[in-house]
Amino acid sequence: MKIYINGKFYDKDNAKVSVFDHGLLYGDGVFEGIRSYKRRVFKLKEHIDRLYESAHSIMLRIPMTREAMIKEVVRTVKTNNLDDAYIRLVITRGVGDLGLDPRKCYAGPSIIIIADKINLYPEATYKKGLSIVTVATVRNLTEAINPQIKSLNYLNNILAKIEANNAGSEEAILLDSMGYVAECTGDNIFIVKSGQLYTPPQCMGILRGITRDAILEVARKAKIAVHEHVITRHEVYISDECFLTGTAAELIPVVRVDGRQIGDAKPGKLTLELLKRFKDLTKTEGVKY
Ligand code: PXG
């Protein structure tokens, strides 16, 4: 495995950053998780745009154009000779001192690209569906750390994941401070009711997932009515189908929420239809290498 750090490739054992890097000291930085399918990097431009928007929001200037970054991502998957890959792109504030002042990170950002494989859940879970729980940890407040910023500080999500794990579950639903459904720890959430698709809107304090947008895109093309609308837990409980979307998990059915059975406790018909259409999209969309 060859890992890209600031323009050079290193073996896994030698791919290192300083203990003074503010990405490590403070979680000061941004990242993206990207997938490639059959030598096509899926929605690469969208991921790079989101990365630069996250960076802009935290006033981290990435010392490379978006076009050059796209080339470096492609160069990294090519170098690793992977047909299907999970790509982790990490930009940290870089090396500073032990104070948190980002102005003192004189060396500038560290750019890291890792291309590897990832299997978030075993195949059986995709067939059976997930059982998930709502957790007490509220999603980060938009006015504090906007969930749209895909920052290196993921403690909000990790705490929710720990709560879910403690309750014997693989995934958590986080609510916003008003009690509405926001999203999961690394995925967006969808429900189906009477043949129509619902997902919380971007303004709800969620990460606007690229897989979420791709599902909305294929659903609209399939003439399925889609609503970006606030959702309560009650609406999740009485939904016909439920599923989660994310780059790592792709599209995973949910069959139980807080002990309530969803539909007939099997991956739903529309869920499986959308999964098929999503898979088809991954075959045709993306930057080739
Ligand atoms: N919400 C949050 C909070 C996320 O972190 C998504 C939604 C889905 O977004 P995309 O663009 O991937 O459709 C994410 C994705 C993991 C993992 O291991 C997930 C993410 C990042 C890193 C790891 O599941 N983020």
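These numbers come from the heavy atoms of this one structure, side chains and all, not from hydrogens, waters or symmetry mates. Counting starts at 1 for both ligands and their atoms, following the listed order.
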With a 4.0 Å cut-off, would you call [X] and [Y] a salt bridge?
{"X": "E53", "Y": "K150", "result": "no"}
{"X": "E67", "Y": "K45", "result": "no"}
{"X": "R220", "Y": "E228", "result": "yes"}
{"X": "E32", "Y": "R50", "result": "yes"}

Next item on the list: Check the surroundings of atom NE2 in H227: do more than 12 heavy atoms from other residues, nucleotides or ligands lie under 6.0 Å from it?
Entry: yes
Item checked: Test item: side-chain donor near acceptor, S36 and Y289, under 3.5 Å -> yes
Item checked: Contact residues of ligand 1, where a non-hydrogen atom lies under 4.0 Å away -> F31, R50, Y86, R88, L120, R139, K150, Y154, N157, E183, T185, G186, D187, N188, L207, G209, I210, T211, T245, G246, T247, A248
